[in-house]
A.B. asks: 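Got a structure here, written out as structure tokens. Questions coming.
Throughout, protein chains are lettered first and strands after them, A, B, ... in sequence-line order, and every chain is numbered starting at 1.
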Protein chains: 2
Amino acid sequence: MGTISVPHDPTVFIVDDDESVRRSIEWLVGSVGLKAESFASARTFLDAFDPDRPGCLIVDMRMADISGLELQEWLMEHGATLPVIVMTAFGDVKTAVRAMKHGAIDFIEKPFNEQQVLELIQNSIAEDATRRQQDVDNRLVGESLKRLTPREREVLEFVVKGLSNKEIAREMGIVPKTVEVHRARVMEKMEARSLADLVRRFSLFQQRKG
Amino acid sequence: MGTISVPHDPTVFIVDDDESVRRSIEWLVGSVGLKAESFASARTFLDAFDPDRPGCLIVDMRMADISGLELQEWLMEHGATLPVIVMTAFGDVKTAVRAMKHGAIDFIEKPFNEQQVLELIQNSIAEDATRRQQDVDNRLVGESLKRLTPREREVLEFVVKGLSNKEIAREMGIVPKTVEVHRARVMEKMEARSLADLVRRFSLFQQRKG
DNA sequence: ATGGACTTTTGATCTAGATCAAGATATTGA
DNA sequence: TCAATATCTTGATCTAGATCAAAAGTCCAT
């Protein structure tokens, strides 16, 4: 079981080709004690991009080379779930809907209200944090599951369904005693201290992976 | 325990002040065997509106009197969760984002691609159906919870946390035997046939109501 | 106040699950 | 093939939970 560490404090990544906009958002973000990093293009942002760094991305829609929307779509396609706030002065329905449907957490129009933007940023960061925590939990459960033997996995399924050891034994064509041993191993490998624990973890895991 | 019945097959509710649009969508919807009901204004739709009827709503944004967006917002405010598809020929960022954030499942621009609209409608109906089923489940669990005595509720919390009866007894300052009785009553009132059942139901319930 | 309904509490008993230890079977790499 | 390892299986014993029945305390309405 490897240790999983959260690598950094949350960062607000700012991508805009207009330096004055970058500076103004930097200042805004810094004023509430959050860390900010600015990039003049999607390209330079992607070069530095590390999917493990928590926070949120605030990006201008219209930029030379790669647009904000394209950047957002690139991130989605590559499984990055960093919340994206898209800024624009020239939006239209299509792009807005496209951005929202592709996971942009919000859409803001310049000139923007500073207080609103701050709230958006803070909500985004919070969402990102909880999602990352869930991912970590899920990965741990997933790795525990991989350590189960076939028979143990079977038993787990039945246990979580609420069958008694006797019933499980009948289903599996073995004696209840054996089920108990498998069950104990499952509890141990899943690091569950109680049946309630086991059920909760496994159910959440099932739910979160379709 | 009252019986909860699903009142109808899913219906596509069409609200548009342009009769030709209504007819064309009606035809489209009918062509895949779905039931449609048309309304020439938000007003007439609301007069007939029954939150218990499943399906989806497809509404024009620009209409005299009450606009599609206002209708959508009215529905949200009144707790109606019917999926809403907003149609428009004159969208802009603000309204699109507003619609999306307020729960519109999608936004389409006239003239629309028939196949796309059909897919949207079918997805919306499916989402509505699963959401309604979850609501029913949740309500049943909620009503069972209301039947628990204070002491039973306490025990439930501890049980779901995975504490043993002995531990719960210590926490509550009573003898383990008593906990067992409360616990048995909880299982009975929650209609859980196993601990796994209980944990899964209660966890889902907790999760779905914040 | 008093009967009735509900809630909380407990004892004795029975069953199922956890824990101890370990044999049988299968799989794999030298 | 043979040893090593992993997996599957089981028995005996001990503990915790379920089930039987029921006393004591609370609350409400007549």
A.B. asks: Closest approach to the side chain of A:Arg151, judged atom by atom: which nucleotide of D:dC8, C:dT10, C:dA18 is it?
C.D. replies: D:dC8
A.B. asks: Nearest-Å distance, CD (B:Glu188) to C1' (D:dC20)?
C.D. replies: 14 Å
A.B. asks: Can B:Glu171 and B:Lys161 be counted as an ion pair, charged N to O under 4.0 angstrom?
C.D. replies: no
A.B. asks: State whether A:Asp135 and A:Arg139 are salt-bridged, where the test is any N-O pair (Lys NZ or Arg NE/NH1/NH2 against Asp/Glu carboxylate O) under 4.0 Å.
C.D. replies: no
A.B. asks: If we check side chain to side chain contact (heavy atoms under 4.5 Å, CB included) with A:Leu145, which of these qualifies: A:Val186, A:Leu156, A:Leu140?
C.D. replies: A:Leu156
A.B. asks: Does B:Thr178 make a side-chain N or O approach to OP1 or OP2 of C:dT8 shorter than 4.0 Å?
C.D. replies: no
A.B. asks: Round to the nearest Å and state the distance from A:Ile168 atom CD1 to D:dC8 atom C1'.
C.D. replies: 16 Å
A.B. asks: Between A:Leu163 and A:Val181, which is nearer to the 5' end of DNA chain C once each is assigned its nearest nucleotide?
C.D. replies: A:Leu163
A.B. asks: Would you call A:Glu167 and A:Arg170 a salt bridge, using N to O less than 4.0 angstrom?
C.D. replies: no
A.B. asks: Please answer whether the main-chain N or O of B:Pro176 pairs with a side-chain N or O of B:Asn165 as donor and acceptor at a distance below 3.5 Å.
C.D. replies: no
A.B. asks: Considering every strand and a 4.0 Å limit on heavy-atom distances, what is the contact class for A:Pro176: base, sugar-phosphate, or nothing?
C.D. replies: nothing
A.B. asks: CZ of A:Arg153 versus C1' of D:dT7: gap in Å, rounded?
C.D. replies: 13 Å
A.B. asks: Mapping B:Val179 and B:Leu148 to their closest nucleotides on DNA chain C, which lands nearer the 5' end?
C.D. replies: B:Leu148
A.B. asks: If I take atom NZ in residue A:Lys177 and atom P in nucleotide C:dC20, what distance separates them, rounded to the nearest angstrom?
C.D. replies: 11 Å
A.B. asks: Would you indicate, yes or no, if C:dT8 has its OP1 or OP2 atom less than 4.0 angstrom from a side-chain nitrogen or oxygen of B:Thr149?
C.D. replies: yes
A.B. asks: Starting at atom CD1 of B:Ile174, determine the distance to atom C1' of C:dT10, rounded to an integer number of angstrom.
C.D. replies: 10 Å
A.B. asks: Check the distance between D:dT7's C1' and A:Lys189's NZ and give it to me in whole angstrom.
C.D. replies: 9 Å
A.B. asks: Given that A:Arg185 and A:Glu180 both sit by DNA chain D, which one's nearest nucleotide is further toward the 5' end?
C.D. replies: A:Arg185
A.B. asks: It should be established whether A:Lys166 places a side-chain nitrogen or oxygen under 4.0 Å from OP1 or OP2 of nucleotide C:dA16.
C.D. replies: yes
A.B. asks: May I have the distance from B:Phe158 (atom CZ) to D:dA16 (atom C1'), rounded to whole angstrom?
C.D. replies: 19 Å
A.B. asks: Distance check needed: C:dG17 C1' versus A:Met187 CE, whole Å only.
C.D. replies: 11 Å
A.B. asks: Counting only side-chain heavy atoms from C-beta out, which of C:dA18, D:dA18, D:dT9 sits nearest to A:Arg183?
C.D. replies: C:dA18
